[in-house]
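Take a look at the structure set out below.
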Number of protein chains: 2
Amino acid sequence: MEKAASQRASDVAYDKIRQFVLSGTAEPGEQLTEEQLARISGVSRTPVREAVRRLENELLIVRSGSKRLFVADWSADDIDEMFILRGMLEGHAASRAARNITEQMLEELATVSDVLDAAVQASPPDIAAFLAQNRRFHDIILEAARSPRLSAILPTLIEQPVVSRTAQQYRVDELLQSARDHRELIAAFAARDAHWARAVMTSHIRRAFHAFSITAVRRKEQRRAND
Amino acid sequence: MEKAASQRASDVAYDKIRQFVLSGTAEPGEQLTEEQLARISGVSRTPVREAVRRLENELLIVRSGSKRLFVADWSADDIDEMFILRGMLEGHAASRAARNITEQMLEELATVSDVLDAAVQASPPDIAAFLAQNRRFHDIILEAARSPRLSAILPTLIEQPVVSRTAQQYRVDELLQSARDHRELIAAFAARDAHWARAVMTSHIRRAFHAFSITAVRRKEQRRAND
DNA sequence: CGATAGACATTTGTATACAATACCGTCAAC
DNA sequence: GTTGACGGTATTGTATACAAATGTCTATCG
């Protein structure tokens, strides 16, 4: 129901190319040609161009000079920066949401939070469900913030693979804490306390950042062990 | 040398349509068709579509339902939000710049600042020169911040007409304070003091916001006087 | 008189052909 | 041996024709 029917070819191209880039099938730094992307997504070059423009805007694809296309190659600093910007902007979104959220949205958040709790408390935890509900949770907040600007900017900072990789490596207690954050956010919204909401959201994101960083370290160690 | 040769038709279209929308020639809420925009910019619909995509991303153009194009109509809340986001992000940019700026860039900032001072102290103040140098100043900082993300996001929040309208209505003492801010920013950068730089930049933007708001009030009064 | 269905006009979406431009390898001259 | 110019090739940029979708107007039926 979520990623539903994108009938337009340019949307199909967007999804396919995005997946192609993010799944790691394409190497970072690798060149992409419009024709190749057209073959991959099964449409002509015209909608591919539109899709590429969008992905370029999200910095998933970069242009050399101002012509050829390449898969973006993120540095550690880029990742840090993403989390810092997310912290600021999602914190701001939470702050606005606390002021603008409706009763109905609050109820929705509660419902999502229930499902999320169940996913976390299952053994083993249902990571896929966690991710889906987590995303839904943040989407509702963004909607409640009622800021077209934020709605345009924030999604480009939340690369699902980063979120996913973070969650995959979460320990159970970290998942539980994440779920508790959601509960506390709902409390802050219900109290219409913008400062509280911002603070909770900020620490929520920062914790995710550190969890992500640790997985980077773990991966490094694993690679070393494999040598 | 700055806005130089955008030879690509899609860039020509972008500039023309942007000007068309921002100059007020097109009424907010008015419908735009791709063909009309193609006529205006003297190119075919294909590059127009790319230009429209970009402008859509900047929220200068919006899509109704999911097709037709309209000139965006900003509410007061939208403007507030723009200044808040600018404050956060330009503050962050200044903070990063304080850590990453090169000696050469510092010298450039000093040069720009000299020209800016001269423009402000002339009588009457040279607003056009002020705007040009002000823009250059902020561009250098953004470059010094070395954050591709910020470079992608920030320009969409800085609508030149807003900046221009703000500056047009600045009183002389406000212009002087703005120039002093720039000097202080340079000092903060030279000291490599990220917190200082952020604070100065934040108040710099907030002052601009209030100057802008006051012009809105003045305009309202003028309109009333004209009735 | 109001509502609704259907035809028609308008507008956006896509594909393809062709033009312009950038890249890269080769060859020649110094 | 290195550098620079030339030309072929790969790739992006633009225009146009056509298809799909959306909005609008009118005529007819309840």
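Order of the sequence lines sets the chain letters (A, B, ...), proteins ahead of strands, with each chain counted from 1.
- With sequence neighbours excluded, the residues satisfying side-chain contact (heavy atoms from CB on, under 4.5 Å) with B:Q133 are B:V112, B:V115, B:L116.
- Protein atom CZ of A:R8 is 17 Å distant from nucleotide atom C1' of C:dA15, rounded to whole Å.
- Whole-Å rounding puts the A:R39 CZ to C:dA15 C1' distance at 17 Å.
- Taking side-chain N and O atoms only, A:R63 has a distance below 4.0 Å to OP1 or OP2 of D:dG13.
- Enclosure of atom CD in B:E58 by more than 12 non-hydrogen atoms of other residues, nucleotides or ligands within 6.0 angstrom is indicated.
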Expected rows: protein N/O vs nucleotides 16-20 of chain D N/O, under 3.5 Å:
unit_1: D:dT16; atom_1: O4; unit_2: B:T46; atom_2: OG1; d: 3.2

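- In this structure, B:L37 places its CG atom 16 Å from P of D:dT14, rounding to the nearest Å.
- Every residue two or more places apart in sequence or in another chain that forms a salt bridge (Lys or Arg N to Asp or Glu O under 4.0 Å) with B:R53 is listed here: A:E50, B:E56.
- Listed by chain and residue number, B:R207 satisfy the salt bridge (Lys or Arg N to Asp or Glu O under 4.0 Å) test with B:D181 (two or more places apart in sequence, or in another chain).
- In this structure A:D114 satisfies the salt bridge (Lys or Arg N to Asp or Glu O under 4.0 Å) test together with A:R183, sequence neighbours excluded.
- Distances from the side chain of A:S64 to the nucleotides C:dC23, D:dT14, C:dA15 place C:dC23 closest.
- Scored by the ring pair (Phe, Tyr, Trp, His ring centres under 6.0 Å) test, B:Y14 finds no partners at all (sequence neighbours excluded).
- B:R192 is linked by a salt bridge (Lys or Arg N to Asp or Glu O under 4.0 Å) to B:E103, counting only residues two or more places apart in sequence or in another chain.
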Are there any protein N/O atoms within less than 3.5 Å of an N/O atom in nucleotides 6-11 of chain C, and if so, which ones and at what distance?
unit_1: C:dT11; atom_1: O4'; unit_2: B:R68; atom_2: NH2; d: 3.4

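- Taking atom CZ of residue B:R53 and atom C1' of nucleotide D:dT14, one finds them 17 Å apart after rounding to whole Å.
- When rounded to the nearest whole Å, the span between OH of A:Y14 and P of C:dT14 equals 16 Å.
- Counting only residues at least two apart or on different chains, the ring pair (Phe, Tyr, Trp, His ring centres under 6.0 Å) pairs with a member in residues 82-104 of chain B are B:F83-B:F209, B:F83-B:F212.
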